[in-house]
Each structure stands twice: as structure tokens, then as C-alpha cells.
Amino acid sequence: MHQTAHAEPAAAAHAQVPIADVDVCIIGAGPVGGTLACHLAQAGIKVAVVDKADLPPMEDPDFDGRAYAIAAGPKAYLEEAGVWEALPLPSCPIEDILVTDGRPGEPASPLFLEFTREDANQPFGWMIEARSLRVALNASLHTTPEITLLAPAEATIVRRKEGATVTLYDGRSFQAKLIVAADGRKSRLRSQAGIPLTRLSYGQTAIVCAIAHEFPHDNSALEHFLPAGPFAQLPLPGNEEHPYMSAIVWSDHDGLAERFAALPDDVFAMQLQRRMGNNRLGQVKPVGRRWTYPLSAQYAQRYTDTRMVLVGDAAHGIHPIAGQGLNLGFRDIIALSKILIAAHQRDKDLGAPELLARYQAECRPANMLMLAATDVLDRLFSNNNPVLRFARDVGIAGVNRLPALRKAFVKHAMGL
């Protein structure tokens, strides 16, 4: 079974340095693959990480408007992996979430759902800038003794029942007991293993950017449902230039979203303001770049193959309606780490079929439930049907009046 992870050829200067065999080889050093490597290495598991991008240890990219919402469970995992304390920029807790429904240019429906500080004994999540996590991960990957970082590099992988051989394009090769495919939505490892993928398109594109605003956000987030798709505002830490800042994820129809994203700052700000449903942030203005992402859900029919597991976006992708995409990937590696570390402590084979089966049994059903839930939410809320609007407003208000149900929602979303 030949597998190829493509990337820039590694520098020829490395050709003479042999690579030691490892327990686990992770293809992809994104937030999920990179954090998994750090966590396993902390437990004494030898890990190689292969990534097509160069990962300089001390990069300092400019603010680019992208941020992650990290739930409580994944935050604890990042702390255990030694990554959280390496974040160079502050995080911002999410302590209140307001869920509303409306139409652009109109005040939100008076029926709403609010998750407050009383619903949890800690913040619902933490907002961190994407560049901050990248810098922390790169530093950890370079300084953790049990990690062999191969980047930029590309490899051919041959998986057999007895183990896997990873051969870099510079000719060096090494053995691994387990291959982890953390190579994203378009995973080559998944397609080369012949794992079928089911894809659902939403006809929506997300605009992702940051805004500065007049009034403080008080660590509050907003999920405002509009006929064309959900609009979310998430609190960010401010800086000297902009003391009050938030991240925006605005979903709209394909084609239209790209046109909105290309508007001049002042017109774009006006369109943002029309979609807030309230004026609690005062005047807003866009900061940094704007990004557009076509929205679709997808899921792999299985998460395992001989000596290989899929994690994160290689295994599943969901609608960002509940901000759970990256957290779902973290849940995969939290489960996988427990299984692998327990096996390592008992000196078991980390690529054994029964371990991989246990990982799939633990993660796939829960991930499919989350995918189904976000899919139903988007279809229920992204329309202008008056009957559905009435039903969902009443539903939102009903949940708001049931503290026990609110707390159950919160606990699940926090990954606890």
C-alpha cells in the first residue's frame, strides 16, 4: 500500500543524517497533528512529524484576522501538551453567549437564548489568535526531545501488517508502528487508503475577519441566525491600537459572501452592523485581512486502515454554526492519546488493530452526532420560512427557561 504525502523537497544538507525509528509518525503539523505530537512526546512516545510547510521555530506573522475558539476540554489538553503556556499572545475567555434570530437591518427577535456565567463553573471557551497557536506549536515541536520534526518534507509511506516504512524524498527512511493522517480536509492519505468520503455542500461561504469596536464586549459572544446563514461575533483580546476587538464568522450565500468580503472598509462595516441584531458593540470597523471559506460538511466512512488512523479534518468537517470544528479534532486526539499512552505504558504495539478499532468506536459515533446536529441547526435556521422562524424562536426561548437543559448543552460543547 503506497501512500504519498506531498510537499517541498527537504534540504539536501539533511541527506546524510539518518532518522531514528519512531513509535508514531504524524503527517501534518496543523493544530491537531502538532498538538498530538507534543502530547504523545510528553508521555515518552517517540514521534516523527512530517509537514509540507516550513515551520520556523520563532516565526512572528502579522495579525491576520483569524482566531480559534478553544473549548475547556481541549484547553486542558493543550496545557498538558506544554503548548498553552507557550502562547505568545493573551487569550480571551468566552463567559456569555447570546443566541438570537432575525433579519439583516432589523433588531433581533425578542425571544432569545442566553448562556451566562451561572451555567458553568469556568469560561465556555477561550479565543486565541491563529498565529499565536502556530508560534507556540512551532516552538514546542522544535524543543520537545522525543519529536523528530521533518519540515518542509515529503514522504512515501508503505503500510504493512507488521509496521510502516516512511521514506522521505531525499532518500532517508525510518520505521513507525502507527501513521496518523492529520493532513486536512483533502487528505491524500485518506484517499490513497481508499477510504470513502461523503460530502454535503451548504451553498454557503464563511467570511472570517476581525473587527475593532467602540464598546467593550465583556467576554461575550453572539450567535445571530439570519436567513442566509449564521453570523457569529466572538470576543478577542484588544491591543494598544484597538482596545476592543472581536472575531467575526459571517456565513452567506456562495458568490454573495465573496462580494461582501471585497467591499471597501466603510461599506463592509455598515453591512456588518446590519447583521448584529443589536448595537451593544457600538461602531465597528474591520481590522486585518478578510478570509472566505466555502462551507461543507464531510465525513470519512471509517477512521482507520492498516497501521493508520485519521484525525481532525481528515476524518470529518462540519458547519461552523456551533464553533465546534477544531474542538472536534481535539476530541479525536484526546481519545487517541489516552489509548496510545495506556498501550505504551503496557509496552503494547501502538498500531495494533484492536487499538485502532477502539479509537474509531470512541470517536466516530459522537462526531457523526455533532455533524448531524450542526447540519439540522443550519437547515432549521438558515431560511426565512415564517413557520420555521416562529418554531425556532419559541424553541430558543424554551431552552432559555430550562437551566438544566442549558447546563447540559454547555457541558457537551465545552468537551467536559
Under 3.5 Å, is there a donor-acceptor pair between the side chain of [X] and the main chain of [Y]?
{"X": "Asp218", "Y": "Ser220", "value": "no"}
{"X": "Arg290", "Y": "Leu263", "value": "yes"}
{"X": "Thr144", "Y": "Ile147", "value": "no"}
{"X": "His217", "Y": "Leu236", "value": "yes"}
{"X": "Asp51", "Y": "Ala151", "value": "no"}
{"X": "Asn327", "Y": "Ala69", "value": "yes"}
{"X": "Glu214", "Y": "Leu281", "value": "no"}
{"X": "Ser132", "Y": "Ile128", "value": "no"}
{"X": "Asp252", "Y": "Ala228", "value": "no"}
{"X": "Asp305", "Y": "Met308", "value": "no"}

Any chance you could measure [X], atom [atom1], to [Y], atom [atom2], to the nearest 0.5 Å?
{"X": "Ile179", "Y": "Ile157", "atom1": "CD1", "atom2": "CD1", "result": "4.5 Å"}
{"X": "Leu328", "Y": "Asn367", "atom1": "CG", "atom2": "CG", "result": "4.0 Å"}
{"X": "Glu362", "Y": "Gln360", "atom1": "CD", "atom2": "CD", "result": "12.0 Å"}
{"X": "Cys38", "Y": "Leu137", "atom1": "SG", "atom2": "CG", "result": "6.0 Å"}
{"X": "Ile26", "Y": "Thr148", "atom1": "CD1", "atom2": "OG1", "result": "11.0 Å"}
{"X": "Leu336", "Y": "Leu178", "atom1": "CG", "atom2": "CG", "result": "7.0 Å"}

Any side-chain heavy-atom pair from [X] and [Y] closer than 4.5 angstrom?
{"X": "Ser296", "Y": "Arg199", "answer": "yes"}
{"X": "Arg331", "Y": "Cys363", "answer": "no"}
{"X": "Tyr77", "Y": "Ser337", "answer": "yes"}
{"X": "Ile195", "Y": "Leu197", "answer": "no"}
{"X": "Val49", "Y": "Leu141", "answer": "yes"}
{"X": "Gln301", "Y": "Arg364", "answer": "yes"}
{"X": "Pro107", "Y": "Asn278", "answer": "no"}
{"X": "Leu168", "Y": "Ile19", "answer": "yes"}

(Q) Quick check on side chain to side chain contact (heavy atoms under 4.5 Å, CB included): which of Leu356, Asp23, Ile339, Val22 does Leu350 satisfy it with? (A)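 By the side chain to side chain contact (heavy atoms under 4.5 Å, CB included) criterion, Leu350 pairs with just one of Leu356, Asp23, Ile339, Val22: Asp23.
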Q: List the steps and the verdict of side-chain hydrogen bond (donor to acceptor under 3.5 Å, both in side chains) for Asn138 and Arg134.
A: CA-CA 6 Å; Asn138 286 6; Arg134 187 69 265 161; 2.8 Å; yes
(Q) Does Lys75, at its NZ atom, have more than 12 non-hydrogen atoms belonging to other residues, nucleotides or ligands within less than 6.0 Å? (A)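 Counting other residues, nucleotides and ligands, NZ of Lys75 exceeds 12 neighbours.
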Q) Near Glu241 CD, under 6.0 Å, is it more than 12 heavy atoms from other residues, nucleotides or ligands? A)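 12 or below, so no.
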Q.
What verdict does the side-chain hydrogen bond (donor to acceptor under 3.5 Å, both in side chains) test give for Ser251 and Tyr202, after you've listed the backbone C-alpha separation in whole Å, the side-chain angles of each residue and the deciding distance to 0.1 Å?
A. CA-CA 10 Å; Ser251 307; Tyr202 287 110; over 6 Å; no
Q) Passes side-chain hydrogen bond (donor to acceptor under 3.5 Å, both in side chains), His39 versus Glu80? Steps please. A) CA-CA 7 Å; His39 203 273; Glu80 289 161 19; 2.9 Å; yes
Q | Pair Arg172-Val17, side-chain contact (heavy atoms from CB on, under 4.5 Å): steps then yes or no | A | CA-CA 8 Å; Arg172 296 177 296 166; Val17 184; 4.1 Å; yes
Heavy-atom pair with the smallest gap, counting every atom of [X] and [Y]:
{"X": "Leu133", "Y": "Pro31", "result": "CD2-CB, 3.8 Å"}
{"X": "Val47", "Y": "Ala41", "result": "CG2-N, 4.3 Å"}
{"X": "His213", "Y": "Met245", "result": "NE2-C, 3.3 Å"}
{"X": "Leu340", "Y": "Ile45", "result": "O-CD1, 4.0 Å"}
{"X": "Trp126", "Y": "Ala72", "result": "CZ3-CA, 3.7 Å"}
{"X": "Ala153", "Y": "Val50", "result": "O-CG1, 3.9 Å"}

Q.
Walk me through whether Arg280 and Leu222 qualify under side-chain contact (heavy atoms from CB on, under 4.5 Å).
A. CA-CA 11 Å; Arg280 64 182 183 164; Leu222 168 75; 3.4 Å; yes
Q | ring-ring contact (aromatic ring centres under 6.0 Å, His included): pairs with one or both residues in residues 260-297, sequence neighbours excluded | A |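 Checked against ring-ring contact (aromatic ring centres under 6.0 Å, His included) - neighbours excluded - the pairs reaching residues 260-297 are Trp250-Phe260, Trp250-Phe268.
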**Q.** Leu149 and Leu55: CA distance, side-chain angles, deciding distance, side-chain contact (heavy atoms from CB on, under 4.5 Å) verdict
**A.** CA-CA 9 Å; Leu149 179 59; Leu55 303 171; 3.9 Å; yes
Q) Should the ring pair Tyr359 and Tyr303 be called parallel, tilted or perpendicular, given that the plane angle runs from 0 to 90° and is split at 30 and 60? A)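 Aromatic pair Tyr359/Tyr303 classed tilted.
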Q. Where do Met276 and Phe231 land on the side-chain contact (heavy atoms from CB on, under 4.5 Å) test, with the steps shown first?
A. CA-CA 8 Å; Met276 293 257 176; Phe231 178 96; 4.3 Å; yes
**Q.** Those residues that, when tested against Pro104, pass side chain to side chain contact (heavy atoms under 4.5 Å, CB included) (two or more places apart)
**A.**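 Once residues adjacent in sequence are excluded, the partners of Pro104 under the side chain to side chain contact (heavy atoms under 4.5 Å, CB included) criterion are Leu226, Pro227, Arg274, Arg275.
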Q: Give the C-alpha distance, both sets of side-chain angles, the deciding distance and a yes or no for side-chain hydrogen bond (donor to acceptor under 3.5 Å, both in side chains) between Ser246 and Gln233.
A: CA-CA 6 Å; Ser246 290; Gln233 166 262 323; 3.1 Å; yes
